[in-house]
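Quantities reported herein were computed from a predicted structural model and do not represent experimental measurements.
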Amino acid sequence: MFPEDKIYVAGHRGMVGSAIVRELKRQGYTNIITRSHAELDLTNQLAVNAFFEVERPDYVFLAAAKVGGIIANSKSPADFMYENMMLEMNVINAAWRNDVKKLEFLGSSCIYPRMAPQPMPESCLLTSSLESTNEAYALAKISGLKYCEYLNRQYGTDFISVMPTNLYGPNDNYHPEHSHVLPALIRRFHEAKINGVSSVTCWGDGSPLREFLYVDDLANLCVFLMNNYSGNETVNAGTGKELSIKDLTELVAKVVGFEGEIKWDTSRPNGTPRKLLDVSKATALGWTYSTELADGIRLAYQDFLNNPMRAER
């Protein structure tokens, strides 16, 4: 990409999209176009096609998605499948029809099988069954990356995909029911601290192992891949490091300053037992993460404190 190329970031108000915009600006890209949901409903095919025909972007980062945690995915699987399938198919198809030079599709590590080999290589995709609690979202993301692959094969496009591990950082979603584990813990421990609550109860038994990537590190990788990678196989985005949910809760409590007791509700689901990405491909391409987890949580908590309205989303 050249600094003056027209770059469309879909989903620029979300955590990932806003981080990509920040990274593009940091690297000197000056012709970034965005649209809010009110300005452009990506599930509306006619509206998406009209936007691409008028704007004719050179490059597209597809970071828009309907996302949520275990509760949201379990309660509304049809909504997660429909909205994600519609928006990604519309954008990818319009990019192809309007001769976009390159598109990058953002997925999720939940595309990999529940009992995938650990760490999970890109090649384990579709080798066994998915985790049931987020199957609908995973199927939608798999469809998006496969559509990119099929367009490359059939029409010679240069559409790539990147699959991030669990993300956190500025502009995260802290909704009490619809957020992911790390932002949910930040909110719960913060509220417990300011309300003088003596204990916080977390879901499951704390045993699942998870990997976390600071969102600005992901954005750096996204721009790096747009400039340095072409291929049909997706690229994993992570740190290659993991910790238990129990250790994560203790780390978040320490950063937030909650000194009460942490309890566990074992009647609640744990989710996938282990999710660690094999990041050897990104490493071989010349990229690695830079933000350690404790530092990233401190930055995320400061962002939460600076933007109290985010807790209401």
Side-chain angles (χ1 to χ4, degrees), residues 1-45 47-67 83-108 140-141 144-145 147-148 151 157-164 167-173 213-230 234-235 237 287 303 307 310 313:
M1 297 185 295
F2 292 102
E4 66 277 8
D5 284 333
K6 183 178 281 191
I7 303 169
Y8 170 46
V9 180
H12 75 286
R13 287 188 170 179
M15 178 173 62
V16 173
S18 61
I20 291 173
V21 170
R22 284 196 302 275
E23 181 65 17
L24 287 168
K25 290 180 177 178
R26 187 187 72 81
Q27 294 193 28
Y29 294 98
T30 58
N31 194 4
I32 303 167
I33 56 173
T34 59
R35 292 292 187 276
S36 67
H37 177 73
E39 294 169 323
L40 177 61
D41 179 0
L42 295 180
T43 65
N44 183 324
Q45 187 180 57
V48 172
N49 287 341
F51 165 76
F52 271 82
E53 288 171 2
V54 170
E55 291 293 341
R56 309 289 294 192
D58 298 303
Y59 296 90
V60 174
F61 290 88
L62 179 43
K66 177 181 176 62
V67 298
E83 291 188 33
N84 284 297
M85 289 280 286
M86 289 295 289
L87 72 86
E88 67 196 28
M89 291 296 168
N90 287 343
V91 172
I92 297 168
N93 182 266
W96 161 59
R97 290 184 180 277
N98 289 276
D99 300 316
V100 165
K101 293 178 182 177
K102 194 166 187 175
L103 176 143
E104 184 175 293
F105 173 68
L106 274 292
S108 166
K141 287 297 185 180
L145 75 90
Y147 188 42
C148 289
L151 285 171
T157 52
D158 188 7
F159 291 177
I160 63 174
S161 61
V162 56
M163 295 300 126
L167 300 170
Y168 70 101
N171 205 24
D172 208 341
N173 173 14
L213 179 66
Y214 190 61
V215 71
D216 286 72
D217 287 350
L218 170 66
N220 180 261
L221 173 62
C222 288
V223 177
F224 175 85
L225 291 175
M226 192 68 98
N227 285 318
N228 294 281
Y229 176 74
S230 293
T234 189
V235 178
W287 183 89
D303 178 71
N307 300 274
R310 286 189 186 148
R313 296 193 314 195

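The side-chain heavy atoms of Cys148 and Trp96, taken from C-beta on, include no pair separated by under 4.5 Å. Annotation: side chain of Tyr214 is in contact with side chain of Tyr168 (closest heavy-atom distance under 4.5 Å). Within the 4.5 Å cutoff, no side-chain heavy atoms of Thr34 are placed close to those of Glu39. Between Lys6 and Glu55 there is a side-chain heavy-atom pair separated by less than 4.5 Å. Using a 4.5 Å heavy-atom threshold, the side chains of Lys102 and Ile160 count as touching. Taking 4.5 Å as the limit, some side-chain heavy atom of Asp217 sits within range of a side-chain heavy atom of Trp287. Under the 4.5 Å side-chain criterion, counting only non-hydrogen atoms from C-beta, Phe52 is in contact with Val48. Residues Phe51 and Arg35 are in side-chain contact: their nearest non-hydrogen atoms beyond the backbone lie under 4.5 Å apart.
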Residues 15-25, side-chain donor-acceptor partners within the protein, below 3.5 Å, at least two apart:
{"residue": "Ser18", "atom": "OG", "partner": "Gly14", "partner atom": "O", "Å": "2.7"}
{"residue": "Ser18", "atom": "OG", "partner": "Met15", "partner atom": "O", "Å": "3.1"}
{"residue": "Ser18", "atom": "OG", "partner": "Asn171", "partner atom": "ND2", "Å": "3.2"}
{"residue": "Arg22", "atom": "NE", "partner": "Asp216", "partner atom": "OD2", "Å": "3.3"}
{"residue": "Arg22", "atom": "NH2", "partner": "Asp216", "partner atom": "OD1", "Å": "2.9"}
{"residue": "Arg22", "atom": "NH2", "partner": "Asp216", "partner atom": "OD2", "Å": "3.3"}
{"residue": "Glu23", "atom": "OE1", "partner": "Arg26", "partner atom": "NE", "Å": "3.1"}
{"residue": "Glu23", "atom": "OE2", "partner": "Arg26", "partner atom": "NE", "Å": "3.4"}
{"residue": "Glu23", "atom": "OE2", "partner": "Arg26", "partner atom": "NH2", "Å": "2.6"}
{"residue": "Glu23", "atom": "OE2", "partner": "Gln27", "partner atom": "NE2", "Å": "2.7"}
{"residue": "Glu23", "atom": "OE2", "partner": "Asn220", "partner atom": "ND2", "Å": "2.9"}

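Separation of the Phe105 and Tyr147 ring centroids does not fall under the 6.0 Å cut-off.
Across all their heavy atoms, Val100 and Phe159 have their closest contact at O-CE2, 4.1 Å. In plain terms, the two heavy atoms of Pro170 and Val215 that are nearest each other are CD-CG1, 3.9 Å. Contact between Ala94 and Asn49 at its shortest, heavy atoms only, is CB-OD1, 3.6 Å. The nearest pair of heavy atoms linking Gly107 to Pro164 is O-CD, 3.2 Å. Residues Ala237 and Val162 share a closest heavy-atom pair of CB-CG2, 3.8 Å.
Note that CG of Leu62 and CG of Leu106 are 7.0 Å apart. Values are rounded to the nearest 0.5 Å. Within the model, atoms CD of Gln45 and CE of Met89 stand 11.5 Å from one another, a figure rounded to the nearest 0.5 Å. Taking CG from Asp58 and CG from Asn98, the interatomic distance works out to 12.0 Å, rounded to the nearest 0.5 Å. The CG atom of Leu145 sits 6.0 Å away from atom OG1 of Thr234, with the distance rounded to the nearest 0.5 Å. Note that CD of Glu104 is 11.0 Å distant from CD1 of Ile7, once rounded to the nearest 0.5 Å. One finds the CD1 atom of Ile32 at 14.0 Å from the OH atom of Tyr59 (value rounded to the nearest 0.5 Å).
Proximity of a side-chain donor or acceptor of Asn84 to a complementary backbone N or O of Ala65 within less than 3.5 Å is not detected. In this structure a side-chain-to-backbone donor-acceptor pair under 3.5 Å is present from Thr30 to Pro3.
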